[in-house]
Amino acid sequence: MLPWRATDGGRPDPYHVWLSEIMLQQTVVATVIPYFGRFIERYPTVADLAAAPDDDVLGLWAGLGYYARARNLIACARAVVAAGGFPATIDGLRALPGIGAYTAAAIGAIAFDLPVVPIDGNVERVAARIGAVTTALPAGKAEIARVAAWLGEHAAARAAPGDFAQALFDLGASLCAPRSPSCLVCPWRGDCAGHAAGIAATLPRKAARAPRPVRFGTVFLLRDADGAIGLRRRPPKGLLGGMMELPGTVWEAAMPDAPPPMRAAWRDAGVVVHVFTHFELRLRVMAAEVAALPEGLVAAAVDAPLPSLMRKAVSMGLGGLD
DNA sequence: AAACCGGGGCC
DNA sequence: GGCCCAGGTTT
């Protein structure tokens with residue numbers, strides 16, 4: 001049972017629903033579960049989260065990715081507390097930071113039983129197959145939305161929109177899987193035009209993606225006499241916004257010049273390869289031990305909260321030092 | 001409408 | 001190596 005779902009008979013906690021939905025944006029359930037548990041443990045209520053220092057929240061989010069979500073999470077928590085609770089309307093939810101059309105519908109249906117069908121990747125796939133929508137995404141979105149709205153007219157959806165939405169998620173995550181759907185045991189098989197046409201497994205169709213460019217850079221891992229490492233903070237917006245990082249070069253299509261931040265016995269610790277949404281990064285890691293960190297760097301523990309890219313770089317830079 | 005924004009697991 | 005994911009914000 002997913003930890004944010006209501007136990008039998010009870011209504012789900014809107015705070016739990018909201019937090020889980022934000023974490024689940026473009027992130028798979030298995031990845032979210034441990035983060036969700038740590039957040040609920042440290043911030044039992046939305047008021048606890050709203051009162052927390054930004055850095056505590058960013059640190060607890062480190063490794064989950066899409067860090068704008070964490071910044072919006074903080075802003076949203078504070079707005080909700082200021083308003084006295086979560087709004088129970090789609091428009092009210094949609095107006096909050098980090099909540100778009102999908103998330104407003106998901107929270108509305110699951111937490112407040114509003115009669116809407118949230119269209120995520122799972123529901124998009126289920127609807128495209130049931131309606132045999134062959135128009136490729138994103139152009140096919142409107143057609144898929146009409147099929148989803150038709151699903152919402154189903155008696156089960158009218159009776160319990162929240163349960164129906166989660167049942168659609170579960171269907172998309174299990175029987176109606178992306179690659180080899182289990183149509184023969186699907187409860188919707190008789191109503192599925194995609195299955196009838198023999199094209200269910202090929203839906204939804206998607207426009208071809210642009211190739212992912214490669215960028216290169218170098219980072220420098222400095223370890224002082226106390227075993228602390230030198231970090232700096234990234235700009236508040238943009239890629240890995242507001243997170244800590246190892247000092248280094250810009251990331252460019254050709255390897256930039258890489259003057260070290262100080263004189264030291266630098267060694268080449270290897271190359272970290274990390275794939276972002278829109279480019280692949282090959283980051284050379286240079287490492288050295290020094291008596292004291294240079295001006296401009298913050299001393300941090302080797303297990304300080306970091307984005308996964310920087311965690312990999314630190315790990316590579318520390319390798320073989322002991 | 002298109003670009004930007006992480007990370008991990010699966011085939 | 002490509003594809004997928006319980007998308008939102010900015011331009």
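Sequence lines set the chain letters: A, B, ... in the order given, protein chains first and strands last, and positions in each chain run from 1.
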Practice task
Might you confirm whether atom CD of Glu295(A) has over 12 heavy atoms from other residues, nucleotides or ligands at distances under 6.0 Å?
Solution key: no
Problem - Over 12 non-hydrogen atoms of neighbours within 6.0 angstrom of CD in Glu41(A) - result: no
Which part of the nucleic acid does [X] contact within heavy-atom distance under 4.0 Å: base, sugar-phosphate only, or nothing?
X	answer
Thr277(A)	base
Trp18(A)	nothing
Gly172(A)	nothing
Pro307(A)	sugar-phosphate
Ser20(A)	nothing

Practice task
Compute both the distance and the angle, then confirm whether Arg38(A) meets the cation-pi test with Tyr35(A): under 6.0 Å from the six-membered ring centre, within 45 degrees of the axis.
Solution key: yes
Practice task
Flag this pair as yes if the NZ/CZ of Arg212(A) is under 6.0 angstrom from the six-membered ring centre of Phe279(A) and inside a 45 degree cone about the axis; otherwise no.
Solution key: no
Handout entry: dG6(B) phosphate, OP1 or OP2, under 4.0 Å from His274(A) side-chain N/O
Key =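 Answer is no, no contact under 4.0 Å.
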Problem - Ser20(A) and Arg5(A) side chains, donor-acceptor separation under 3.5 Å - result: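 Distance-only check fails for Arg5(A) and Ser20(A).
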Practice task
Report the distance from atom CD1 of Ile22(A) to atom P of dC5(C), rounded to the nearest whole Å.
Solution key: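 Result: 19 Å.
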Problem - Whole-Å gap separating P (dG8(C)) and OH (Tyr66(A)) - result: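 Rounded to whole Å, this separation is 12 Å.
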Practice task
Could you list by number each residue of residues 24-34 of chain A showing a heavy-atom separation from DNA chain C of less than 4.0 Å, or answer none if no residue does?
Solution key: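 Per residue number, the list reads Leu24(A), Gln25(A), Gln26(A), Val28(A).
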Problem - Given DNA chain B, 5'-ward residue of the pair Pro138(A) and Gly65(A), judged by closest heavy atom - result: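 Residue closer to the 5' terminus by nearest nucleotide: Pro138(A).
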Problem - Geometric class of the Trp251(A)/Phe276(A) ring pair [parallel <30°, tilted 30-60°, perpendicular >60°] - result: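 Answer is parallel, since the angle falls under 30°.
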